[in-house]
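What follows is a set of notes on a single structure, which appears directly below.
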Amino acid sequence: MKASTGIRSKITRLPVHVAIVPDGNGRWAEQRGLPRLAGHQAGVQKMRALVEYLNEWGIKYVTLYGFSTENWGRPREEVEGLFRILKERIEKDVPKLHRKGVKVRHLGRLQDLPAWLQRSIKQAEELTKNNTGMTLSLAFNYGGHLEIVDAVRRIVADGIPPEKIDEKLFSSYLYTAGLPDVDLLIRTGDELRLSNFLIWQTAYSEYYFTQVLWPDFTKEDIDKALLAYSQRERRFGAL
Ligand code: IPE
Ligand code: MG
């Protein structure tokens with residue numbers, strides 16, 4: 001699948017783990033005089049094609065921020081509508097991603113989501129659990145602070161002695177256990193912040209911010225983000 005040959009040929013180094021904060025659905029809808037949910041519908045509908053495109057690039061780990069623990073503060077109709085849209089997309093798109101070898105996993109507090117949404121997430125994980133291609137992590141009802149609090153609780157509950165706690169052990173208690181840290185974080189929608197997303201896992205990530213609103217984000221925009229990553233020099237604090 002070709003998007004933008006000119007840019008593509010300049011990309012010489014790829015991230016292993018790409019995390020995305022898809023922002024701007026509401027503004028996209030408002031600009032068109034549509035209800036916010038129409039923006040979420042358009043935004044969530046885009047996900048599969050872009051995930052497949054990253055898969056074609058050979059990206060091994062993709063993590064999407066679908067719903068944050070702070071998003072509960074939105075009007076009830078928006079929250080419920082968004083859950084319904086997410087469920088529909090999971091049920092339609094995961095079987096297609098499954099055929100491409102994608103393995104789906106959930107990050108966050110599953111137990112606080114409506115039972116019908118929990119079911120479709122669990123079914124998606126179950127269907128794809130033996131796949132060995134890209135790992136697609138869906139952060140639904142995810143919060144970075146809460147993830148760290150949940151990890152501490154489990155470490156204490158497991159009775160781990162303080163001297164055994166190091167960065168490696170701590171990472172293994174996060175929702176993201178087994179995933180590599182994020183190399184490239186993409187945020188659309190013209191906001192320059194992390195919003196409580198993967199705060200531990202992005203300590204050394206490269207950030208790519210764009211004004212493009214998520215429903216307008218294209219394969220060519222992915223190429224631009226990959227190119228920006230490819231052109232950066234990562235030193236991890238060394239000289
Ligand atoms: C991002 O779009 C989607 C979610 C947070 C679920 P927004 O709904 O935040 O869109 P804006 O920021 O209001 O445009
Ligand atoms: Mg927003």
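These values consider heavy atoms only, across backbone and side chains, with no hydrogens, waters or symmetry-generated copies. Atoms within a ligand are numbered from 1 in the order they appear, just like the ligands themselves.
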Does the side chain of L110 come within less than 4.5 Å of N141's, by heavy atoms? no
Give the numbers and elements of all ligand 1 atoms closer than 4.0 Å to a heavy atom of G66. 6 (C)
Can R84 and E80 be counted as an ion pair, charged N to O under 4.0 angstrom? no
Heavy atoms from other residues, nucleotides or ligands near CD of Q111 exceed 12 (cutoff 6.0 Å): yes
For E30, is there an ion pair with R27 - N to carboxylate O distance below 4.0 angstrom? no
Taking non-hydrogen atoms only, is R36 closer than 4.0 angstrom to ligand 1 via side chain, backbone, both or neither? side chain
For L82, which part has a heavy atom under 4.0 Å from ligand 1: side chain, backbone, both, or neither? side chain
Tell me whether the rings of Y142 and F197 are parallel (<30°), tilted (30 to 60°) or perpendicular (>60°). perpendicular
Report the part of Q31 (side chain from C-beta onward, or backbone N, CA, C, O) that has a heavy atom under 4.0 Å from ligand 1; answer both or neither where that applies. neither
Polar atom proximity, W28 to ligand 1 (N or O, under 3.5 Å): no
Do any nitrogen or oxygen atoms of G26 come within less than 3.5 Å of a nitrogen or oxygen of ligand 1? yes
Proximity flag G189 to ligand 1, non-hydrogen atoms under 4.0 Å: no
Among E191, R74, R27, H40, which one has a heavy atom closest to atom 5 (C) of ligand 1? R74
Starting from atom 2 (O) of ligand 1, which protein heavy atom do you reach first, and at what distance in Å? N25 N, 3.2 Å
Cation-pi check for Y207 against R187: NZ or CZ below 6.0 Å from the six-membered ring centre and within 45 degrees of the axis, yes or no? no
Heavy-atom contact check, 4.0 Å cutoff: does G39 meet ligand 1? no
Side chain, backbone, both or neither: which applies to S68 and ligand 1 if a contact is any heavy-atom pair less than 4.0 Å apart? neither
D23 backbone or side-chain N/O/S under 2.8 Å from the Mg ion (ligand 2): yes
Any luck finding a side-chain donor-acceptor pair between H17 and D181 under 3.5 Å? no
Hydrophobic cluster identity match, F209 and I186, side-chain contacts under 4.5 Å: no
re atom 7 (P) of ligand 1, the protein heavy-atom contact at minimum distance is D23 OD1, 3.5 Å
Geometric class of the W214/F217 ring pair [parallel <30°, tilted 30-60°, perpendicular >60°]: parallel
What is the nearest protein non-hydrogen atom to atom 1 (C) of ligand 1, stated with its residue, atom name and distance? P22 O, 3.1 Å
